[in-house]
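Only a predicted model underlies this, so the values are computations on that prediction, with no experimental measurement involved. All heavy atoms count here, side chains included; hydrogens, waters and symmetry mates do not. Along the sequence shown, the residues carry numbers beginning at 1.
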Amino acid sequence: MPTNLLRFILAVMLLPLLWTAAGAQDASLPELGSPLPGQKDITYLDLARMIIPDLAADKNGFYRGGLPIAMRHIEGPDSGGSPPETSGFSNASVLAIKAGGKDRLTMLFDLGDSSDSAEGYAVLALYDITGKPRLLDATNVALDRSTYFREPGKLGIGANDDILMIESSHSNSNQNYMIVPLIMVARDKLKLIDIIYLFDEHVCAHSRTQDVAFKAIAEGRRHAAIKVTVTDATVVNDESCDDQPPKPESHDISVTYHWDKTTSHYAKDSDALNNLAGENAKRF
């Protein structure tokens with residue numbers, strides 16, 4: 001086989017691995033007062049002030065401010081609550097991504113409780129910092145009380161694009177509720193792909209947990225397919241309980257999202273995750 005042809009074949013085979021590796025970088029928590037990479041005079045605080053204009057540090061290094069700028073909710077106009085009248089936090093998560101072949105920076109600000117909703121209020125902001133920093137888009141991504149990047153935070157869906165994984169959650173004494181929106185960037189705007197609902201339960205006799213994994217699969221389209229696999233596992237606890245424990249077992253529920261160039265959107269190949277969310281709701 002000619003050497004050049006062999007190199008080409010190997011490169012094609014390695015592309016999905018390279019995309020996955022590129023997307024496996026976790027978000028960071030830099031000091032807000034520290035400068036952006038390669039820019040001595042611009043700090044992360046300057047970016048944060050594009051969201052909360054009067055944000056300032058107090059004597060303890062905690063950052064406080066008033067209302068954020070107006071923005072939509074990632075799920076649509078009927079979702080989300082109002083922002084808190086005052087916001088405070090010590091830091092914000094930062095994650096560099098690729099979007100349309102361009103370098104972009106995202107920041108996630110958890111502003112705390114919404115003033116009129118059980119959900120919190122969390123801002124996902126998209127910036128261009130290749131020159132003078134610009135805020136390209138910002139949206140409320142809170143779907144529960146606490147919101148953060150779900151590790152590793154992003155997944156490469158090609159050499160030029162990443163998607164983002166966010167998680168909103170809350171817990172009580174024996175239950176964990178987790179909501180994971182998948183978000184892409186299209187023409188420098190944040191766009192929802194889908195929302196995945198997970199539920200963990202811990203009782204005396206057993207624990208049932210749900211974990212999710214993401215994988216990009218190249219299939220010759222503009223964007224790779226996204227395979228989402230939820231592992232639903234039941235483990236018997238080694239405790240003396242009145243209830244009879246269920247049999248231990250583990251199974252995977254998978255859905256693959258394929259890029260549809262006609263609609264410029266991802267379409268899933270089954271309703272398996274919706275069905276799981278319905279089953280979980282019956283156990284609340």
Side-chain angles (χ1 to χ4, degrees), residues 1-28 74 94-106 108 124 126 128 130 136-137 141 149-167 179-198 210-232 250-277:
M1 181 180 292
T3 301
N4 289 341
L5 179 59
L6 179 59
R7 287 176 178 171
F8 175 77
I9 293 172
L10 288 174
V12 171
M13 292 174 65
L14 286 171
L15 268 177
L17 298 177
L18 294 174
W19 296 343
T20 301
Q25 303 169 17
D26 292 347
S28 62
I74 193 66
V94 173
L95 185 62
I97 64 169
K98 283 281 189 181
K102 300 174 182 177
D103 293 323
R104 295 293 183 248
L105 189 76
T106 60
L108 183 56
L124 179 62
L126 177 69
D128 176 4
T130 55
L136 301 173
D137 197 17
V141 294
F149 284 112
R150 182 180 177 92
E151 293 184 0
K154 66 180 180 180
L155 176 72
I157 54 170
N160 296 319
D161 291 277
D162 298 316
I163 64 165
L164 295 162
M165 292 93 79
I166 310 294
E167 182 169 317
I179 306 174
V180 182
L182 303 182
I183 298 170
M184 69 181 298
V185 178
R187 297 182 179 179
D188 281 333
K189 298 298 178 184
L190 298 162
K191 182 177 179 181
L192 182 66
I193 297 173
D194 202 5
I195 300 174
I196 300 159
Y197 296 86
L198 307 171
Q210 295 173 349
D211 195 18
V212 63
F214 307 92
K215 181 180 180 181
I217 303 173
E219 53 181 10
R221 304 185 189 187
R222 177 182 175 186
H223 298 310
I226 305 165
K227 184 177 182 180
V228 179
T229 301
V230 174
T231 300
D232 192 341
S250 177
H251 65 277
D252 289 342
I253 302 141
S254 294
V255 169
T256 301
Y257 296 77
H258 301 277
W259 180 250
D260 185 337
K261 68 178 182 180
T262 303
T263 61
S264 296
H265 197 78
Y266 272 101
K268 55 191 173 185
D269 63 1
S270 85
D271 291 326
L273 294 178
N274 300 68
N275 297 336
L276 177 64

Could you check whether any side-chain heavy atom of K98 comes within less than 4.5 Å of a side-chain heavy atom of K154, counting everything from C-beta outward?
no

Going from CE on M184 to CG on L192, what distance comes out if it is rounded to the nearest 0.5 angstrom?
11.0 Å

Which residue, D161, L155, T106, I163, forms the side chain to side chain contact (heavy atoms under 4.5 Å, CB included) with I97?
T106

State, to 0.1 Å, how close V255 and A272 come at their nearest heavy-atom pair, and which atoms those are.
CG2-CB, 3.8 Å

For the residue pair I253 and T229, establish whether any side-chain heavy-atom pair is separated by less than 4.5 Å.
no

Rounded to the nearest 0.5 Å, what separation is found between the OG1 atom of T130 and the CG atom of L105?
11.0 Å

Pairs involving residues 255-274, ordered by first then second residue, that meet salt bridge (charged side-chain N to carboxylate O under 4.0 Å, His left out) (sequence neighbours left out)
D194-K268

Grab the two heavy atoms, one from I193 and one from Y257, that are nearest each other, plus how far apart they are.
CG2-CD2, 4.2 Å

Which residues pass the salt bridge (Lys or Arg N to Asp or Glu O under 4.0 Å) test with R222, sequence neighbours left out?
none

Tested for side chain to side chain contact (heavy atoms under 4.5 Å, CB included) against R150, the lone hit among V212, I196, I166, L164 is V212

Closest non-hydrogen atoms of G156 and D162, given as atom of the first, atom of the second and distance, are CA-OD1, 3.2 Å

Under the ring-ring contact (aromatic ring centres under 6.0 Å, His included) test, which residues partner Y197, sequence neighbours left out?
none

Could you pull out the closest heavy-atom pair between F149 and A27, with the gap in Å?
CD1-CB, 3.6 Å

Could you tell me if the side chain of L182 sits less than 4.5 Å from the side chain of V228, heavy atoms only?
yes

Do D252 and S254 have side-chain atoms, one donor and one acceptor, less than 3.5 Å apart?
no

Euclidean distance, H258 NE2 relative to H265 NE2, rounded to 0.5 Å
13.5 Å

Does the K189 side chain pair with the main chain of L136, one donor and one acceptor, at a distance under 3.5 Å?
yes

In this structure, CE of M165 is separated from CD1 of I183 (nearest 0.5 Å) by 11.0 Å

Answer yes or no: is there an ion pair linking R104 with D188, defined by an N-O contact shorter than 4.0 Å?
yes

Trace of the side-chain contact (heavy atoms from CB on, under 4.5 Å) decision for I157 with Y266:
CA-CA 12 Å; I157 54 170; Y266 272 101; 3.5 Å; yes

